[in-house]
Amino acid sequence: MTASGEFETGDANRHSGTATGTTDSTDDVLLKVDGLSKHFPVESGLFSGLNVSWDGRVPSVGYGREYLKAVDDVSFEIRRGETLGLVGESGCGKSTLARTILRLLEPSSGSIEFEGRDITTLGGEDLRQQRRNMQMVFQDPQSSLNPRQKIGQIVEEPLKTHGLLDDEGRETRARELLERVGLDSDHYNRYPHEFSGGQRQRVNLARALALDPDLIICDEPVASLDVSIQAQVLNTMTELQEEFGLTYLFIAHDLSVIRQISDRVAVMYLGKIVELGNKEAVYENPKHPYTKALLDSIPVPDPRKRSERETLGGDLPSPVNPPSGCRFRTRCPELIAPDAYDFSDAEWAALRELIRTIDRQLVEPSPPEALRRQFLNDVDLPAAADESVERALELFADGEPDRAAELLSESFVAPSVCARDVPSYEVDSTNGTEARFVACHRYAEETPTE
Ligand SMILES: Nc1ncnc2c1ncn2[C@@H]1O[C@H](COP(=O)(O)OP(=O)(O)OP(=O)(O)O)[C@@H](O)[C@H]1O
């Protein structure tokens, strides 16, 4: 926009930044999030006992208050002109992260920088002005549009709020934006109910573009649309990105949508980013066990391949009392063996399967010998480990599965590095262009990129 408050028609391609996501330049960073957390206070005891964990820890209670760690110590950058896809299961904190970045929620800790400026504690008019540069598009195009307002009014609303342009100028701008998002200028006088879901989401895009923002955070923008319509809206978003030099943080739980639109991908689990890297590298060579599980859960048409795939089992632990160390460890099929016992791979794999089965109570209480036959038939555990296993199997047979799981957890899970330390590693990417962030101790030994 010019100093006189007019929008330049040639505002497209203002940004020369790359959208490949493969540059190492820090000059092009538009958004930098560093150690960002958002913790919600919750009533003490409300979530107690919901934490399905192997370590049987008592939930942390402080001054009668507990905190739900919706976003916990998250760091990443988005470069100008690129799309960072953010993917993860429902409830992992994606929307909270988005809203905290936009300062619709107050961060609990950490910082947010936009174009090199710290906006973490910005308030009043400064924050209002900053918001012009950061817009959001929500999932449900129906409920985010006021049914009593005409499309034109909806698109003009942000301009009015910020006192930009006169009536005529706003109408011209709104009509132009409707055309840019693939609608018709004549839709200006229509109402939202006259449009399909896909068209309504285009109206939302036009509204988000009204203030000529640099960053648009899209929270599941196509999740409620049919697959064929999804593809069309995503194509339009890609075109708009080039035309307006936009940067997207694109949130979705659907991995195929993320793959279509993103340059880089961040995978989130229980309030933390567990893997972040170039899209092709993450999809072709996922490193974090959670990313692998997510990719494995994409439906495949070939039934032979389906049988080889491992689906993600177990419940999502409570974000009020998340597991210590690695948050994914309670569901992780690659939990690392504790150093204290010198397990062979086969022994640890068998024991891990037994621990998971007892923890999740996937079998009926049965005599220790039967479970040994089922899980430990071909393995000869070290004596100290075997003693703990025997006691746990007896507890399980006696109808005390929780105590059995607790004992196994204390003996074999708690001493694992996965339960002790929070993982955070930068590893070489397979395509050699960019380091990958992986929050998994299995990558502790990999050489960091210079
Ligand atoms: N205002 C709030 N007060 C307390 N807890 C909240 C609040 N908002 C979100 N949460 C909790 O924070 C966690 C993360 O929620 P969030 O909506 O960010 O996840 P999400 O990944 O976006 O999920 P979805 O895809 O289902 O929207 C959840 O456990 C949720 O219940």
Side-chain angles (χ1 to χ4, degrees), residues 33 35-53 59-76 78 84-110 112 134 136-144 201 204 216-225 230 248-259 261-262 265-276 288 290-291 293-295 297-298 312 314-323 327-328 330-331 439:
V33 169
L36 193 66
S37 296
K38 178 63 192 174
H39 296 175
F40 295 107
V42 290
E43 285 306 314
S44 183
L46 187 64
F47 289 85
S48 305
L50 278 188
N51 188 9
V52 187
S53 106
S60 56
V61 180
Y63 306 104
R65 257 204 173 163
E66 292 176 307
Y67 287 88
L68 186 151
K69 298 161 190 83
V71 173
D72 205 27
D73 196 12
V74 162
S75 303
F76 63 88
I78 309 184
L84 178 69
L86 179 64
V87 68
E89 285 169 282
S90 178
C92 71
K94 304 180 296 294
S95 299
T96 304
L97 177 58
R99 300 173 79 89
T100 309
I101 291 169
L102 290 174
R103 295 283 322 282
L104 299 170
L105 293 168
E106 283 307 305
S108 305
S109 59
I112 307 155
M134 304 160 69
M136 188 148 176
V137 173
F138 294 96
Q139 171 175 354
D140 188 356
Q142 174 75 33
S143 63
S144 51
Q201 200 54 299
N204 271 321
I216 300 188
I217 298 188
C218 314
D219 193 356
E220 301 272 13
V222 296
S224 61
L225 307 177
Q230 279 187 354
Y248 290 139
L249 173 58
F250 193 102
I251 297 172
H253 65 276
D254 184 332
L255 282 143
S256 46
V257 167
I258 289 283
R259 185 168 203 168
I261 192 105
S262 310
V265 177
V267 182
M268 197 166 177
Y269 181 79
L270 206 61
K272 283 192 178 291
I273 287 181
V274 296
E275 180 156 4
L276 196 159
H288 197 284
Y290 178 62
T291 313
L294 273 187
L295 288 170
S297 66
I298 297 178
L312 191 59
D315 296 323
L316 191 67
S318 163
V320 175
N321 186 34
R327 295 210 167 160
F328 186 57
T330 56
R331 300 166 86 190

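We count ligands from 1, going down the list as the structure has it; atoms in each ligand are counted the same way. From a predicted model like this one, the values you see are computed outputs, not experimental measurements. Atom set for the values below is all heavy atoms of this structure, side chains included, hydrogens, waters and symmetry mates excluded.
Under the rule for a ring-ring contact (aromatic ring centres under 6.0 Å, His included), the partners of Tyr290 that lie at least two apart in sequence or sit in another chain are Tyr269, Phe328. For Arg103, the side chain to side chain donor-acceptor pair (under 3.5 Å) test picks out Glu106, with sequence neighbours left out. By the side chain to side chain donor-acceptor pair (under 3.5 Å) test, Asp73 pairs with no residue at all, sequence neighbours left out.
Using a 4.0 Å heavy-atom criterion, the residues that approach ligand 1 are Phe40, Leu68, Ala70, Glu89, Ser90, Gly91, Cys92, Gly93, Lys94, Ser95, Thr96, Pro319.
Ile101 is listed as a side-chain neighbour of Met134, based on a closest heavy-atom distance under 4.5 Å.
Between the side chain of Ser75 and the main chain of Gly35, a donor-acceptor pair closer than 3.5 Å is present.
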Would Leu316 and Arg331 satisfy side-chain contact (heavy atoms from CB on, under 4.5 Å), going step by step from the backbone distance to the final call? CA-CA 8 Å; Leu316 191 67; Arg331 300 166 86 190; 3.5 Å; yes

